[in-house]
Amino acid sequence: MRALSCGVAVLLLTGVMAAPAAARDPGAEELSITKSSFGTVGSQPVDRYTLANHDMSVSILTYGAIVQAVNVPDRRGQVANVALNFAAISNYTRNGDYRGSIVGRYGNRIAKGRFTLGATTYSLDINNDPNSLHGGFEGFNVKNWAATPVRTNKTVGVKLTYLSKAGEGCTQTRPSTPPCSTGYPGTVPVTVVYSLDARNNLRIDYVATTDKPTVLNLTNHAYWNLAGEGSGTIYDQELRLNADRYTPVDATLIPTGALEPVEGTPMDFRSFHSIGERIRGNFEQLVFGRGYDHNWVLDRRPGDTTSLSEAATLTDPASGRVLTFYTDQPGIQFYSGNFLDGTLYGTSGRQYRQGDGLALETQHFPDSPNHPNFPSTVVRPGDTYKTTTVLNFSTDRRRR
Ligand code: BGC
């Protein structure tokens, strides 16, 4: 009976008919989901859901909707966790680097924490002086989400929900300079579903609505190190970005509004380059970011704003691990872990230092609410905010 009602929920959720058994992916019968306790935050229990297939597993926390571990094999079958993490919930609650979490309401920066919608100007926490970053002092990354396991005949997953109330983003208990007064408008129910299939695709589906016009930009902030968390820097790992242009920033990392060609600059990742190759040059953008901390404008076919297309591929030549991102979003923030500071430990027990992991955050462009020429991040009552990113894990024995 329980299985039946779960099956019905899945049908409603995905809107697809149940496929006959013959249409299952090979390996789908080995998909599993397990739940364990990951401690408490205040009086609230935090759970960890582990999704697994024949090759790999992904652990997700209800706190922050955090990707806490991604265990994948290298080209010889040696499994390592490639997502920077912590072993204990107390570290996550004290941490300021958004490690593994869903960031919102607005992933990335909003200049001076201010934006205008209609006749009203809204003000936000200044938590990254002089700007607002990743939803302010208390973004989605520090909320405990409600979770339900979900299954289809091709995937296993966890559905996380959080109700973001009007006024979030201006934290009453943490005054900032200048002070904020409004926070984000609108009450916004958010759903994030992480699901894993038998082909090593980790899919992230985001859905949200609002009761007042607002802005929304959700992303996942995992830091990757394909050689294994705690194994050293990512400077020898190689990246390819499907982008002819990027959005240059000022010294506070707010876009100037221009879309500049990458051609002839260290921002050109149209073919594979190691992260370390050009990172320490005197190119002004890299000086501003203390390394890479920029948004690339993803190439798309003209008029196509919705289909999933390849955004980025990261490879580790030493282990052979490959991670490919597909998204329907217009941009990707590549952050080379410039502020990881040697004080924060992962489960490997090793201190993370600058460059020990990198984030690839599929998203709308930073500070879009203040740049009318950027794709809009406004969501209105009656709209459904809906976006998907798929992360495929493989090794260079199988592709590249
Ligand atoms: C930003 C960085 C910031 C980091 C915080 C990234 O998304 O682009 O500037 O330092 O998040 O962890």
Side-chain angles (χ1 to χ4, degrees), residues 64-68 83-86 91-113 124-142 169 204 216-225 229 234 239 241 243 246-256 267 269 275 279 284-297 311-312 314 325 327 329-346 352-368 374 377 389:
I66 284 170
V67 173
Q68 193 257 345
L84 269 55
N85 70 355
F86 286 120
N91 295 120
Y92 281 104
T93 59
R94 283 199 294 267
N95 171 239
D97 65 22
Y98 302 86
R99 196 173 297 182
S101 65
I102 294 295
V103 294
R105 288 193 191 186
Y106 198 93
N108 219 305
R109 292 175 174 79
I110 294 185
K112 309 234 159 52
L124 306 170
D125 290 331
I126 305 301
N127 62 327
N128 185 251
D129 189 30
N131 302 314
S132 193
L133 175 67
H134 295 334
F137 289 120
E138 293 188 356
F140 291 3
N141 57 303
V142 297
I204 316 177
L216 207 53
N217 191 27
L218 306 181
T219 190
N220 174 272
H221 206 297
Y223 290 87
W224 305 103
N225 185 328
E229 166 272 316
I234 40 75
L239 179 65
L241 295 173
Y246 74 108
T247 52
V249 289
D250 66 17
T252 75
L253 303 187
I254 293 294
T256 60
M267 314 306 268
F269 283 93
I275 312 299
I279 200 170
E284 187 179 55
Q285 288 294 312
L286 295 180
V287 176
F288 285 162
R290 286 183 44 189
Y292 293 101
D293 194 355
H294 297 81
N295 167 69
W296 273 255
V297 179
L314 180 68
F325 288 73
T327 191
Q329 289 288 280
I332 192 165
Q333 181 87 5
F334 161 37
Y335 170 53
S336 51
N338 314 327
F339 298 99
L340 294 169
D341 64 2
T343 57
L344 305 161
Y345 294 82
Y352 295 144
R353 298 185 185 282
Q354 188 183 38
D356 275 4
L358 64 85
L360 288 163
E361 305 155 51
T362 54
Q363 56 179 221
H364 271 255
F365 305 170
D367 197 30
S368 294
F374 288 177
T377 50
T389 293

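Atoms within each ligand, like the ligands themselves, are counted from 1 in listed order. Computed from a predicted structure; not experimentally measured. Numbering starts at 1 and runs along the sequence shown.
A search for side-chain hydrogen bond (donor to acceptor under 3.5 Å, both in side chains) contacts involving Asn217 returns nothing, not counting sequence neighbours. Checked against side chain to side chain contact (heavy atoms under 4.5 Å, CB included), Asn225 has the following partners two or more places apart in sequence or in another chain: Leu84, Ala227, Ser231, Ile234, Gln237. When the side-chain hydrogen bond (donor to acceptor under 3.5 Å, both in side chains) test is applied to Asn127, no partner is found at least two apart in sequence or on another chain.
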What are the distances between nitrogen or oxygen atoms of ligand 1 and protein nitrogen or oxygen atoms, counting only those under 3.5 Å?
from	atom 1	to	atom 2	distance (Å)
ligand 1	7 (O)	His134	NE2	2.9
ligand 1	7 (O)	His221	NE2	2.9
ligand 1	7 (O)	Glu361	OE1	2.8
ligand 1	7 (O)	Glu361	OE2	2.9
ligand 1	8 (O)	Asp293	OD1	2.5
ligand 1	8 (O)	Gln333	NE2	3.2
ligand 1	9 (O)	Arg109	NH1	3.2
ligand 1	9 (O)	Arg109	NH2	2.7
ligand 1	9 (O)	Asp293	OD1	3.4
ligand 1	9 (O)	Asp293	OD2	2.4
ligand 1	11 (O)	His134	NE2	3.0
ligand 1	11 (O)	His221	NE2	2.9
ligand 1	12 (O)	Asp97	O	3.2
ligand 1	12 (O)	Tyr223	OH	3.0

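Side-chain polar atoms of Gln333 and Asp293 form a donor-acceptor pair below 3.5 angstrom. Checked by atom type, the side-chain pair Tyr352/Glu229 shows a donor-acceptor distance below 3.5 Å.
Using a 30° and 60° split on the angle between ring planes, Phe334 and Phe269 fall in the perpendicular class, above 60°.
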